[in-house]
Amino acid sequence: MQTIERLRRDINNCVLCQSTLPLEPRPIVQFSAESKLLIVGQAPGIKAHKLNRPFEDASGNRLRNWLGLNRAQFYDASLTAIVPMGFCYPGRGTSGDLPPLQECAKQWRTSLLKELKFVQLTIVVGLYAMRYHFPQNRSNLTEIVKDWSSLLPSYVALPHPSPRNNIWLKKNPWFEKDCVPELQKRIKDVVS
Ligand code: SF4
């Protein structure tokens with residue numbers, strides 16, 4: 001069995017955080033050895049947990065719009081890997097979902113990312129993913145996203161596409177005006 005298939009099996013069977021998680025472990029990841037785009041989000045929400053599929057909601061619609069990908073492209077693992085910082089639904093806190101469980105990245109990230117050899121663009125969504133991928137950069141989310149031209153062509157940093165971020169989007173119109181079109185151009189290059 002290929003390493004990546006062994007990893008898929010082991011991730012699917014993972015129960016490492018069973019005692020901490022509010023529901024049964026259900027890793028929500030999508031990848032293949034050929035994936036060219038890598039989306040790194042936070043952790044699946046309750047809807048993704050129930051449907052066993054990520055981004056089947058308003059956040060997913062907005063993210064697909066930003067990326068310029070249709071649903072078929074977005075859910076095609078040979079094009080798009082979706083590997084969040086935590087693979088299982090972490091539960092709810094007082095102000096939204098809890099952060100991804102740190103054990104998950106420690107357990108799986110290094111070995112899995114090593115197997116995604118054809119990724120040309122990593123799309124880093126939200127501050128947890130930014131802290132992992134840009135550990136030297138202690139700027140806040142807005143500053144990191146604003147620096148998009150220095151991150152491309154290999155990376156781009158995005159705010160979470162949740163409707164909860166509508167105020168951020170209103171305050172930062174440069175994001176959809178300048179960053180999103182450049183991101184879409186880069187994705188077109190990768191897809192073609
Ligand atoms: S969050 Fe990650 S490490 Fe924890 S049970 Fe799920 S797959 Fe395993």
Side-chain angles (χ1 to χ4, degrees), residues 1-60 62-64 67 71 74-119 121-135 137 141 144 155-165:
M1 194 190 278
Q2 273 185 320
T3 311
I4 197 160
E5 290 312 321
R6 219 176 304 131
L7 267 170
R8 189 192 307 283
R9 181 200 59 195
D10 293 346
I11 290 169
N12 285 338
N13 292 331
C14 181
V15 290
L16 189 67
C17 315
Q18 195 158 30
S19 59
T20 320
L21 291 169
L23 302 172
E24 77 278 16
R26 185 174 297 162
I28 315 274
V29 282
Q30 167 181 306
F31 58 83
S32 92
E34 290 85 40
S35 302
K36 297 177 189 64
L37 301 168
L38 167 62
I39 298 173
V40 184
Q42 187 163 307
I46 185 67
K47 192 166 179 193
H49 176 88
K50 283 184 182 155
L51 297 174
N52 207 4
R53 210 171 197 215
F55 291 112
E56 278 283 12
D57 53 12
S59 300
R62 179 178 269 160
L63 181 59
R64 284 183 280 278
L67 304 179
R71 289 177 61 81
F74 188 85
Y75 289 116
D76 174 3
S78 69
L79 173 64
T80 310
I82 304 175
V83 182
M85 292 306 298
F87 297 165
C88 297
Y89 171 61
R92 234 180 133 64
T94 43
S95 57
D97 284 353
L98 291 170
L101 291 178
Q102 290 184 5
E103 290 74 8
C104 197
K106 285 185 201 145
Q107 179 73 12
W108 298 116
R109 259 196 123 64
T110 307
S111 41
L112 180 51
L113 296 195
K114 219 162 68 189
E115 295 305 311
L116 302 180
K117 299 182 198 315
F118 297 102
V119 167
L121 173 65
T122 299
I123 298 147
V124 181
V125 184
L127 199 56
Y128 292 105
M130 288 175 202
R131 293 289 183 242
Y132 180 89
H133 284 275
F134 316 124
N137 190 340
L141 178 140
I144 297 174
Y155 288 91
V156 70
L158 304 180
H160 198 280
S162 160
R164 292 166 69 100
N165 269 341

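Computed over heavy atoms, backbone and side chain alike; hydrogens, waters and symmetry mates excluded. For ligands, and for the atoms within them, numbers begin at 1 and follow the listed sequence.
To the nearest 0.5 Å, atoms CD1 (I82) and CZ (F74) are separated by 4.0 Å. Going from atom NZ of K117 over to atom CD of E34 covers 12.0 Å, rounded to the nearest 0.5 Å.
Inclusion of C104 in the first shell of atom 4 (Fe) of ligand 1 is not supported: no N, O or S atom falls under 2.8 Å.
Nearest heavy-atom pair, H49 versus R26, reported as atom, atom and distance to 0.1 Å: O-NH1, 2.6 Å.
When P27, C17, C14 are ranked by how near their heavy atoms come to atom 4 (Fe) of ligand 1, first place goes to C17.
Nearest protein heavy-atom neighbour of atom 6 (Fe) of ligand 1: C88 SG, 2.3 Å.
Remark: R8 engages E5 in a salt bridge, criterion side-chain N to carboxylate O under 4.0 Å.
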